[in-house]
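Computed from a predicted model, the values in this text were never measured in an experiment.
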Amino acid sequence: MRGHTQRRGVPPSIFRREFVNASPAPAPAAGAPEKIDASVLKLAGVVVLGSIMAILDITVVNVAMPTFQSEFGVANYSTVAWTVTAYTLALATVIPLTGWAADRFGTKRLYMMALLLFTAGSVLCALSWNIGALIGFRVIQGLGGGMLMPLGMTIMTKAAGPERMGRLMAILGVPMLLGPILGPILGGWLIEDASWHWIFLINLPLGAIAIVYAWFALPKDEAQPTEKFDFVGMLMLSPGLALFLYGISSIPEEGTVNTPKVWATMLVGGALVAAFIVYSFKPKNPLLDLRLFQNRDLTVATITMFLFSASFFGGLLLIPTYFQQVRGESALMAGLLVAPQGLGSLLTMPIAGMLVDKVPVGRVVPVGLAILTTTMFGLTQIGSDSSYFYVLSVLFVMGLGMGLTMMPLMTAALRTLKEAQVARGSTLLNIVQQIASSVGVAVISVVLTNRMQSSEAVSAGQAMMEAQKTGAQPDPSVLQYLASLGDKFEAVMLGEMADAYATSFWVAFVLCVVTVIFSLLLPRKASSVPKTGENAPAPVLMH
C-alpha cells in the first residue's frame, strides 16, 4: 500500500513532507512584473512536472504494499514497510545536501541530475527480484526525489521573487493537493490492470520528458561554491538513523528486543545520533543547526511537527492496507476509498494558507489537530464490518484537519527567523519531519505486526496460505484449530485482523493527543514578522 509509506514509506504520504527553497530568495529587480508572466510559467511547468513525479510516487506506493507482501512472499508487514522507510530516510539524507550541491554544481545541472537519478531509480525498482532489492532501489529513487522539491522552489524563487510567490504557490500547490487523491487511484489501477512494476515504470516517460523540458526551459547558471558541506555530520547522522530504525523494524521479526539484531543496531544507531548532537555545535555550518532551537517558536513548532508527522503519517500508512486485507478490496478500489482524505485536505489547505497571515498560528493549529485527533479516535472503532459511510466520513474529516495543520505549523516555525537563518531552519524542519514519518511508520508497523502474530486465527490463515503456495501439508495443530471453528473461521480471522488495525490506530490517537497538548504552546498573539528585505523569511512550500 503508502498505506505510506506506505508515504515515506507515502508515506505516504502518503503521505506529506515540507520543502523550503535551499537558499535565501533574492528580491526581484526593480520594475519586475507583478503578474506571473509566460517566462515564469514556463519554468513552473518544469517544477510542477518534477513535483508531480515525486509526490505521486509516494502516494502510489502506499496502495502497493499488500501486493509487495504477497508477490515477494514476505511474512512480516514491517519488512514491507521498509519500502517506505528507506525512501523517506533517503529524502532526509539528501535534503540538507541540496543547498550546498546547488551552489557547487549549479541549479540547472543538479535539477537534471535529480530527475535522472529519480527516473533511473524508478526503473531499477520495477526490475526488483525480491523485497531487499526493492528497498535498496527505493533508496536510489529517494535520493533523486528528495532534491526535486527544494531545487524547484529555488528555481521559482529566483525567477519570480518573493513578491509573486503567493500567486505562484497556487500553481506549485497543485501536485501537493492532488497527490493524495490521484496517487492511490493511479496505483490501484496500474496494479489491477497491468502489474505492480508499472507504478515505477510510468516514471520513465515522465522523467524523459521532464529532463528534455528542463534542458530547454531552465536558464543556464554558473556553479558558485560557497560553504563547506558537513560530511562528518552526514557520516554520523545518516547511518545512525538508519541503524536505529532498522532495529525498531526488526522487533516483530525477532519477537524480542533481546537479540543483537535489535538491541545492537539500536544501540549503535543511537550512539551515532548522540555523537552527532554533541558534534553539531562545533562546526560553523553543521548538517543540522541545533542552535536554532534557541528560538522558542521554532522549538515548539518543531516538536509539534514531529509528533504530528509520526502520528498522522504512521496511521495513514494503515488505511489502504485495511481496505485490502480486511475488507477484501482491490488495489484500485482501495485507492478510490482513500480519496476522501485528499479531498478534505484540498478544501482546507488554501484556507489555512490565508488564515495564517491574519490569525496567530496558535489559534489555527490546535483546531486542526483537534479535528485530526477526533477522527483518529474514530478509526480506533473500526471493525471488519464497519459501514463504508462511517469510514469514508472519518477520512474526509481527517483530511480537513490535516489541511488546517501542515502549512500553519511550518509557518510558525519559520516566520520569526531572519532570512540568513531560513535555509538552515528549513533544513532542520525537513529532516525532523522525515525522521518523524519514518519513526511513525516503523513503530505503528511493529504494533500491527505484533498484534497480527499474536492472533491464532490470523496465524492459522497465514499458515494455510503458505501451504497452498508451497504445496506442503499444514501443521496438524492448524488443521485442528480450523476444524474447531468451522464456518466461523473467516469471520473470526477478519475480526481479529480488524482489531489489530484498531489497536494500531490507538497508538496514533495517543500521539495525536500529545500533539494537541504541545500545540497549545504555539503563539496565540500576533507577532511581528520581518518585512521583505534583509531579514525577511523566504517562501515556503510543503507537501
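A side chain to side chain contact (heavy atoms under 4.5 Å, CB included) with S519 is found for one member of V367, V364, L369 and no other, namely L369.
Between L372 and F308, some side-chain heavy-atom pair lies under the 4.5 Å cut-off. Residues V513 and M376 fail the side-chain proximity criterion, which asks for heavy atoms closer than 4.5 Å. In this structure, M452 and Q325 have side chains that are in contact, with non-hydrogen atoms separated by less than 4.5 Å. No side-chain heavy atom of E71 sits under 4.5 Å from any side-chain heavy atom of I131. Taking 4.5 Å as the limit, some side-chain heavy atom of L347 sits within range of a side-chain heavy atom of F396. The closest side-chain heavy-atom distance from R296 to L521 is below 4.5 Å. Residues L409 and V361 are not in side-chain contact: their nearest non-hydrogen atoms beyond the backbone lie 4.5 Å or more apart. Between L272 and L237, every side-chain heavy-atom pair lies at or beyond the 4.5 Å cut-off.
Between atom CG of residue L392 and atom CE of residue M398 there is a gap of 12.5 Å, rounded to the nearest 0.5 Å. From E496, atom CD reaches atom OG1 of T503 across 11.0 Å, with rounding to the nearest 0.5 Å. Remark: C512 SG to L379 CG distance equals 9.5 Å, nearest 0.5 Å. S70 OG to Q324 CD: the interatomic distance, rounded to the nearest 0.5 Å, is 9.0 Å. Distance check, rounded to the nearest 0.5 Å: CG of L190 to CG of L201 gives 9.5 Å. We find the CZ-CD distance between F118 and Q141 to be 4.5 Å, quoted to the nearest 0.5 Å.
With hydrogens and angles left out, the side-chain atoms of Q381 and Y390 include no donor and acceptor closer than 3.5 Å.
Side-chain atoms of S309 never come within 3.5 Å of backbone atoms of F306 as a donor-acceptor pair (strictly under, hydrogens ignored). Within the 3.5 Å criterion, the main-chain N or O of L400 finds a donor-acceptor partner in the side chain of T348. Between the side chain of R327 and the main chain of S386, a donor-acceptor pair closer than 3.5 Å is present. T375 contributes no side-chain N or O that, together with a main-chain N or O of G378, makes up a donor-acceptor pair within less than 3.5 Å. Remark: side-chain polar atoms of T380 are paired, donor with acceptor, to backbone N or O of F377 under 3.5 angstrom. Looking at S195, its side chain never comes within 3.5 Å of a backbone N or O of I191 through a donor-acceptor pair. Under the 3.5 Å distance criterion, the side-chain polar atoms of R451 are left unmatched by any main-chain donor or acceptor of Y501. Checking side-chain atoms of S345 against main-chain N and O of M402 turns up no donor-acceptor pair under 3.5 Å. A side-chain donor-acceptor contact under 3.5 Å links S128 to the backbone of C125.
Residue F231 places its CZ atom among more than 12 non-hydrogen atoms of other residues, nucleotides or ligands, all under 6.0 Å distant. Annotation: M236, atom CE; neighbour count of heavy atoms from other residues, nucleotides and ligands within 6.0 Å is above 12.
Between F509 and W506, the ring planes lie perpendicular to each other; the angle is over 60°, past the 30° to 60° tilted range. Relative orientation of the F68 and W196 rings is perpendicular, given thresholds of 30° and 60° on the angle between their planes. Ring geometry for F276 against Y279 counts as tilted: the plane angle lies between 30° and 60°, on a 0 to 90° scale.
Across all their heavy atoms, A339 and I185 have their closest contact at CB-CD1, 4.3 Å. Contact detail for A334 and E329: the closest heavy-atom pair is N-CB, 4.4 Å. A pairwise comparison of heavy atoms in S504 and V447 identifies OG-CG1, 3.8 Å as the closest pair. Taking both residues in full, the closest heavy atoms of V139 and A86 are given as CG2-CB, 3.8 Å, listed atom of the first, atom of the second, then distance. When every heavy atom of V516 is checked against every heavy atom of A370, the shortest pair comes out as CG2-N, 4.2 Å. The nearest pair of heavy atoms linking L148 to A54 is CD1-CB, 4.2 Å.
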Next on the checklist: With side-chain contact (heavy atoms from CB on, under 4.5 Å) as the criterion, how do F505 and I319 come out once you've worked through the C-alpha distance, each side chain's angles and the decisive distance to 0.1 Å?
Outcome noted: CA-CA 10 Å; F505 285 125; I319 295 170; 4.0 Å; yes
Next on the checklist: Please determine whether side-chain contact (heavy atoms from CB on, under 4.5 Å) holds for the pair F489 and V492, giving the CA-CA distance in whole Å, both sets of side-chain angles, and the decisive distance to 0.1 Å.
Outcome noted: CA-CA 5 Å; F489 169 70; V492 171; 5.6 Å; no
Next on the checklist: As a quick check of understanding, evaluate side-chain contact (heavy atoms from CB on, under 4.5 Å) for T119 and M53, giving each step before the final call.
Outcome noted: CA-CA 9 Å; T119 305; M53 290 173 61; 3.9 Å; yes
Item to check | L482 vs M464, side-chain contact (heavy atoms from CB on, under 4.5 Å): CA-CA, chis, key distance, verdict | outcome: CA-CA 10 Å; L482 292 177; M464 291 300 297; 3.5 Å; yes
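In this structure, F72 has its ring center at least 6.0 angstrom away from the ring center of W129. A centroid separation of less than 6.0 Å is found between the aromatic rings of Y388 and F323.
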